[in-house]
Amino acid sequence: MEARLNLLGNAFAAKLLPKFVAAGRAVSGSTVPESTLELVRLRASQINGCGFCTDMHTKDALHAGETQTRLNLVAAWREATVFTDAERAALELAEQGTRIADAAGGVPDEVWARAAKHYDEDELMALVASIALINAFNRMNVMVQTPAGDYQPGQFA
């Protein structure tokens, strides 16, 4: 597969994408565990069918010490016993925030309440921002058909 547009070689993308990346770095500086953020990014990428981002966040999570078992079970987190209650709440928020158009009224209050039991307001903002950012990256990569499989951990550091 060849991308419709090379996001790494386009002059306008070179101006735009660093701003998205900077926002992502700010989120990574939050007190939400990086492993939780990677699980959230991975789950949203799976839902959106973004091969590039699924590849990236699987590899980054493995590189950061996440287990293969947990990564294998992200798509089936409800049935898996390997996630904490806090991670489950973050994954549920990621799913609802990613599928926001599927539910009249957006993210249900009970989903938000479950997340708020485990995360303070700053952490909730970090999760919301991370979910919004990964959805933006997913949509860009899906629209331009960025191929998956060649990403190396830390490639964009």
Side-chain angles (χ1 to χ4, degrees), residues 1-80 82-84 86-102 107 115 118-119 122-157:
M1 172 195 272
E2 190 171 317
R4 292 174 171 160
L5 180 73
N6 180 355
L7 294 177
L8 300 179
N10 178 274
F12 186 72
K15 291 184 215 174
L16 179 69
L17 291 177
K19 293 172 179 29
F20 280 84
V21 171
R25 285 197 178 109
V27 169
S28 290
S30 78
T31 56
V32 177
E34 190 62 29
S35 60
T36 300
L37 294 173
E38 284 298 344
L39 295 173
V40 161
R41 293 175 191 132
L42 176 57
R43 184 64 190 124
S45 298
Q46 291 170 335
I47 292 167
N48 288 323
C50 183
F52 182 82
C53 293
T54 297
D55 180 45
M56 171 192 272
H57 294 294
T58 298
K59 288 175 179 174
D60 281 348
L62 281 168
H63 186 74
E66 188 57 77
T67 69
Q68 189 67 59
T69 298
R70 285 168 43 95
L71 292 174
N72 291 346
L73 292 170
V74 167
W77 63 268
R78 284 176 181 81
E79 294 82 22
V82 296
F83 301 106
T84 67
E87 290 167 335
R88 289 172 178 286
L91 287 164
E92 184 178 31
L93 185 63
E95 285 188 359
Q96 293 296 317
T98 298
R99 293 182 167 133
I100 203 162
D102 296 343
V107 175
H118 301 282
Y119 302 100
D122 287 345
E123 292 168 330
L124 287 167
M125 187 61 235
L127 284 166
V128 167
S130 187
I131 293 161
L133 284 166
I134 194 58
N135 274 278
F137 276 117
N138 290 165
R139 282 158 174 73
M140 279 189 270
N141 283 302
V142 169
M143 282 191 273
V144 303
Q145 297 182 341
T146 304
D150 294 332
Y151 176 78
Q152 298 298 313
Q155 180 176 327
F156 301 122

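Scope of the values below: all heavy atoms of this structure, side chains included, with no hydrogens, waters or symmetry mates.
- When side chains are defined from C-beta on, N6 does not count as touching T146, because their heavy atoms never get closer than 4.5 Å.
- E123 and S30 are not linked by any side-chain donor-acceptor pair at a separation below 3.5 angstrom, with hydrogens and angles left out of the test.
- Within the 3.5 Å criterion, the main-chain N or O of T54 finds a donor-acceptor partner in the side chain of T58.
- Among all heavy-atom pairs drawn from N138 and S45, the shortest one is ND2-OG, 3.0 Å.
- Residues Y119 and A86 share a closest heavy-atom pair of OH-O, 2.8 Å.
- In terms of the side-chain hydrogen bond (donor to acceptor under 3.5 Å, both in side chains) criterion, R99 has no residue partners (sequence neighbours excluded).
- Of all non-hydrogen atoms in N141 and C53, the two that sit nearest each other are ND2-SG, 3.6 Å.
- Looking only at side-chain heavy atoms (C-beta outward), F12 and L5 stay at 4.5 Å or farther from each other.
- For the pair L127 and L37, the minimum side-chain heavy-atom distance is below 4.5 Å.
- For K59 (side chain) and G149 (main-chain N/O), a donor-acceptor pair under 3.5 Å exists by modelled atom type.
- Residues H118 and T84 fail the side-chain proximity criterion, which asks for heavy atoms closer than 4.5 Å.
- Considering every non-hydrogen atom in both M143 and R4, the closest pair reads O-NH1, 2.8 Å.
- Atoms OG1 and CG, on T67 and L62 in that order, are 8.0 Å from each other to the nearest 0.5 Å.
- Across all their heavy atoms, A126 and V27 have their closest contact at O-CG1, 3.5 Å.
- Note that the CG atom of L91 and the CD atom of Q96 stand 12.0 Å from one another [nearest 0.5 Å].
- Here Y151 pairs with D60 under the side-chain hydrogen bond (donor to acceptor under 3.5 Å, both in side chains) rule; sequence neighbours left out.
- For the pair D122/T31, no side-chain contact is recorded, criterion being any heavy-atom separation below 4.5 Å from C-beta on.
- Without hydrogens or angle criteria, D55 side chain to G51 main chain gives no donor-acceptor distance under 3.5 Å.
- Taking 4.5 Å as the limit, some side-chain heavy atom of F137 sits within range of a side-chain heavy atom of V21.
- With contacts defined as side-chain heavy-atom distances shorter than 4.5 Å, the pair W77/E95 qualifies.
- Counted within 6.0 Å of CG on D150, heavy atoms from surrounding residues, nucleotides or ligands total 12 or fewer; the atom is thus considered open.
- Every side-chain hydrogen bond (donor to acceptor under 3.5 Å, both in side chains) that T98 has, sequence neighbours left out, goes to N135.
- If you take CZ on R43 and CD on E92, they are separated by 12.0 Å, rounding to the nearest 0.5 Å.
- Here the CG atom belonging to L93 is positioned 7.5 Å from the CG atom belonging to L124, to the nearest 0.5 angstrom.
- For the residue pair I134 and A44, the shortest heavy atom distance occurs at CG2-CB, 3.6 Å.
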Report task. Could you go through the side-chain contact (heavy atoms from CB on, under 4.5 Å) check for L7 and F52 one step at a time? Result -> CA-CA 12 Å; L7 294 177; F52 182 82; over 6 Å; no

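- No donor-acceptor contact under 3.5 angstrom links the side chains of E66 and S35, judged on distance only.
- Looking at R41 and E34, a side-chain N of the basic residue comes within less than 4.0 Å of a carboxylate O on the acidic one, giving a salt bridge.
- Separation of atoms CD (E38) and NE2 (H63) is listed at 11.0 Å; rounding is to 0.5 Å.
- Interatomic distance, L8 CG to L17 CG, rounded to the nearest 0.5 Å: 7.5 Å.
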